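Reminder, nothing fancy here: chain letters follow the sequence lines and each chain counts from 1. Everything numeric here is computed off the predicted structure, so don't read it as measured data.
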Amino acid sequence: MKQFEYVKAGSTQGVINALAQPGTKIIAGGTNLVDLMKRGVTAPDKLVDITHLPLKDITATSGRLHIGTLALNSIVSENSLVQKKQPLLSMALKAGASPQLRNMATVGGNMMQRTRCGYFYDTTLPCNKRQPESGCGAKEGYNRMHAIFGTSEKCIAVHPSDMCVALAALDTTVIIAGKKGERKLAFTDFHKLPGDTPELDNHLAKDEIILGIEIPDNNFADHSYYLKIRDRQSYAFALVSVAVALDISNGVIRSARLAMGGVAHKPWRLYDAEKALAGKQPSVPLFEQIARGAMQGAKAYQHNEFKINLASNAVIQALKVASGLVPA
Amino acid sequence: MDSKNHNTTPKEDEKENPRRTFLKQTSLLTAIAMAPSALVKAAENHVDDKIADVFEKMPLKMEVNGQLQSLSVEPRATLLDILREQLDLTGSKKGCDYGQCGACTVHIDGQRVLSCLTLGVMVNGKKVTTIEGLAKGDQLHPMQEAFIKHDGFQCGYCTPGQIMSAVACVREGHADSEAEIREFMSGNICRCGAYPNIVKAIQDVKEGGLTV
């Protein structure tokens with residue numbers, strides 16, 4: 001690993017000031033950053049440790065749940081407010097990584113994690129995300145884990161997070177601080193598609209810091225489910241995952257939220273499916289129709305065609321469980 | 001030298017007379033090329049020292065297995081390397097070194113984490129427990145006893161990480177069923193496949209009700 005300077009941040013403003021210097025990165029849990037630094041994928045000159053800043057709290061206020069950027073994934077997943085108000089988030093977090101990693105990883109760090117595309121990680125191979133204009137190794141290479149939605153000529157990588165899929169479904173807002181003060185961004189607008197700039201995963205400016213997230217209260221708690229399909233039963237990235245949150249009363253779906261993971265460069269929200277579910281009674285034929293619609297526009301590569309069928313079936317299964325048609 | 005592309009300010013003498021810089025550099029190269037190899041070696045070492053000086057080591061104070069340790073470490077040194085190389089605590093294993101196998105699992109302030117992905121400087125002021133800190137003198141920790149009793153290992157390489165994780169698994173309250181144990185032990189890979197016996201050992205400790 002390349003040598004670097006290490007400093008502890010004294011305040012949020014101190015972090016923002018430090019980030020103005022090129023080659024400076026924030027470190028919190030370090031579970032992805034240290035990994036990438038060991039492999040030479042990233043080589044910052046300076047790390048700003050923010051772990052002791054007071055940004056860990058989980059609080060419920062005026063119709064929303066606020067979670068600080070430094071709240072650990074394990075703490076959030078076990079938090080009683082989260083479990084009661086937003087069980088989908090708890091389920092998604094528990095589906096991710098391992099207990100040791102969840103004890104280190106933070107909310108903000110989870111959002112900022114990079115793709116696990118093998119071509120991004122291997123510094124001897126081309127990757128437009130790691131080295132702009134070097135080409136995409138995955139497009140014509142081994143692309144079994146890769147995206148089927150929203151890809152570009154330059155990149156077909158997927159975002160690896162489970163937590164982010166749940167947060168995208170739950171209408172979360174991201175609170176960001178920078179030189180000009182604080183700003184809020186819809187979670188679904190935080191990450192971006194690769195387009196012509198796959199080196200950028202999201203819309204956070206280089207001198208900005210995530211302060212936390214806010215999830216508005218909802219009526220989804222009784223009908224939420226996170227289904228993750230992976231190569232082994234635990235501790236693996238998703239081939240496909242589905243986050244479902246339904247508001248059902250008197251046997252009718254009043255409102256629905258759906259997002260998929262493992263299929264795109266960002267959590268893939270299914271807006272049309274949500275509209276099509278509203279006002280209907282849960283049924284297998286309805287869910288099959290929803291899943292067919294959700295796969296429109298999917299584009300497979302040489303090794304990931306199976307994902308289209310898998311994602312479709314996962315949507316059906318997740319809806320069946322969330323609506324109570326079948327047990328988990 | 002295209003300073004524009006790198007967006008850096010060109011050095012003064014380069015701006016005034018790039019040829020002079022070139023001559024200085026080439027004469028230095030010539031001098032090195034003509035010097036005896038021992039002299040070159042010494043010069044290189046001198047340069048290394050200078051580079052090292054720029055990145056000064058940092059003080060690290062942490063409690064490891066109940067003992068206060070005052071160390072001097074590079075910011076890039078991981079807790080795992082510091083434990084193994086500086087403190088000779090080689091129980092924590094370097095399996096993958098990328099946070100994928102769990103062999104390096106230790107407890108920081110009572111929580112299980114991966115020491116291979118933890119920068120030592122970030123552990124300053126904290127308490128670390130490694131596999132060496134579990135036993136009380138000659139008396140093994142109940143989880144260590146249970147791993148022996150149930151044959152919870154074959155080659156033994158993953159075992160320190162498995163045991164540190166297993167202790168945490170029970171303490172966290174995640175050992176209520178075989179399925180729960182398997183899920184909450186999934187961060188520890190065993191290539192020998194001793195999983196059924198590891199699960200039995202954890203269940204034994206959990207059901208025994210001993211304080212872990």
#### Entry: B/E132-B/T130 side chain donor-acceptor pair, cut-off 3.5 Å
yes
### Query
Side chain, backbone, both or neither: which part of B/Q100 has a non-hydrogen atom closer than 4.5 Å to chain A?
both
### Task
Select one option (side chain, backbone, both, neither) describing which atoms of A/L47 are under 4.5 Å from chain B's heavy atoms.
side chain
### Task
Could you tell me how the ring of B/F147 sits relative to the ring of B/F153: parallel (under 30°), tilted (30 to 60°) or perpendicular (over 60°)?
parallel
### Query
When you check the gap from the basic side-chain N to the acidic O, do B/K94 and B/D81 get nearer than 4.0 Å?
yes
### Message
Less than 4.5 Å to any heavy atom of chain B: does that hold for the side chain of A/D49, its backbone, both, or neither?
### Response
side chain
### Query
Who among A/T51, A/L33, A/I27 has the most heavy-atom pairs with chain B under 4.5 Å?
A/I27
#### Entry: Side-chain donor-acceptor pair present, B/T105, B/R112, cut-off under 3.5 Å
no
### Task
Let me know if A/K2 has heavy atoms under 4.5 Å from chain B in its side chain, its backbone, both or neither.
backbone
### Query
Is chain A contacted by the side chain of B/C116, its backbone, both, or neither, given a heavy-atom distance below 4.5 Å?
both
### Query
What pair of heavy atoms forms the shortest contact from B/C155 to B/C192, and how long is it?
N-SG, 3.4 Å
### Query
So which part of A/A28 gets closer than 4.5 Å to some heavy atom of chain B, the side chain, the backbone, both or neither?
backbone
### Query
In terms of heavy-atom pairs under 4.5 Å, which option from B/D97, B/I108, B/T78 contacts chain A the most?
B/D97
### Message
So A/N32 and A/M112, do their side chains get closer than 4.5 Å, heavy atoms only?
### Response
no
### Task
Could you look at B/M164 and say if it's the side chain, the backbone, both or neither that has a heavy atom under 4.5 Å from chain A?
neither
### Query
chain B: which of A/P99, A/G30, A/A97, A/S98 shares the most heavy-atom pairs with it under 4.5 Å?
A/P99
#### Entry: Cation-aromatic face contact A/R39/B/Y98, 6.0 Å, 45 degrees
yes
